[in-house]
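What follows is a short report on a single structure.
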Amino acid sequence: NAGVTQTPKFQVLKTGQSMTLQCAQDMNHNSMYWYRQDPGMGLRLIYYSASEGTTDKGEVPNGYNVSRLNKREFSLRLESAAPSQTSVYFCASSEGVGAYSNQPQHFGDGTRLSIL
Amino acid sequence: QKEVEQNSGPLSVPEGAIASLNCTYSDRVSQSFFWYRQYSGKSPELIMSIYSNGDKEDGRFTAQLNKASQYVSLLIRDSQPSDSATYLCAVNDYKLSFGAGTTVTVRA
């Protein structure tokens, strides 16, 4: 009963380093999403993917890239980390298609990322 | 103006009381509405979804939607200490937009 699995759970980077956050879901959902959560600002959508092979920008895409490797996996890459990217990152999936879906989203446990 | 606004917290209620959480949204075409509960240091967990005007009850939770007033609320009856968490309102127009959340503390 895994649901949405994110790795790693914690990471500390230095400014300028790169890393990839991994996300996998086992619910056969069509859509997957990456959010960041900062204090007082709620969840903000970084990128989403309506289906394998498609990705679209969300509200705050600058400084990030994504890959929808297959239906199960959706990764988020920081090419050159900046202190402003210190945040908690959540991956989510939904049975619906894309950002217009009426279906609820199910979240992973999050990755706590600190950039020094 | 934020797309989704929630009443500012924190909200402190005694055990057994009703906690009332409010959420307003700006986009009239929004079709689906969700309430998520998030414990400190944990991920958001879906507790209610509502799609049409009126009330929807699930156990001790009741969601109320009024599309004309662009308003959705969550009532928690018989509040328990385990209800202490941050509650996020989410509204779907062309994307799922989240409010900043209201933190609820249930005191014994």
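Just so it is clear: chains get the letters A, B, ... in the order the sequence lines come, proteins before strands, and each one is counted from 1.
- Hydrophobic clustering places A/Y48 together with A/F90 (ILVMFWY residues linked when any side-chain heavy atoms are closer than 4.5 Å, directly or through intermediates).
- Under a 4.0 Å N-O distance rule, the pair B/E45/B/R37 qualifies as a salt bridge.
- Heavy atoms closer than 4.5 Å to chain A are found nowhere in B/Q6, neither backbone nor side chain.
- When heavy atoms are compared at a cutoff of 4.5 Å, B/Y51 approaches chain A solely by way of its side chain, counted from C-beta outward.
- A donor-acceptor contact under 3.5 angstrom links the side chains of B/R107 and B/S12, judged on distance only.
- Side chains of B/T86 and B/T103: a donor-acceptor N/O pair is present below 3.5 angstrom, by distance only.
- Proximity to chain B (any heavy atom under 4.5 Å) is restricted, for A/R112, to the side chain, taken from C-beta onward.
- Within residues 73-83 of chain B, no residue has any heavy atom less than 4.5 Å from a heavy atom of chain A.
- Between B/D58 and B/K56, no side-chain nitrogen of the basic residue sits less than 4.0 Å from a carboxylate oxygen of the acidic one, so the salt-bridge criterion is not met.
- Side-chain contact between A/M19 and A/L113 is present, with heavy atoms from C-beta onward closer than 4.5 Å.
- A donor-acceptor contact closer than 3.5 angstrom is absent between the side chains of A/T54 and A/R68.
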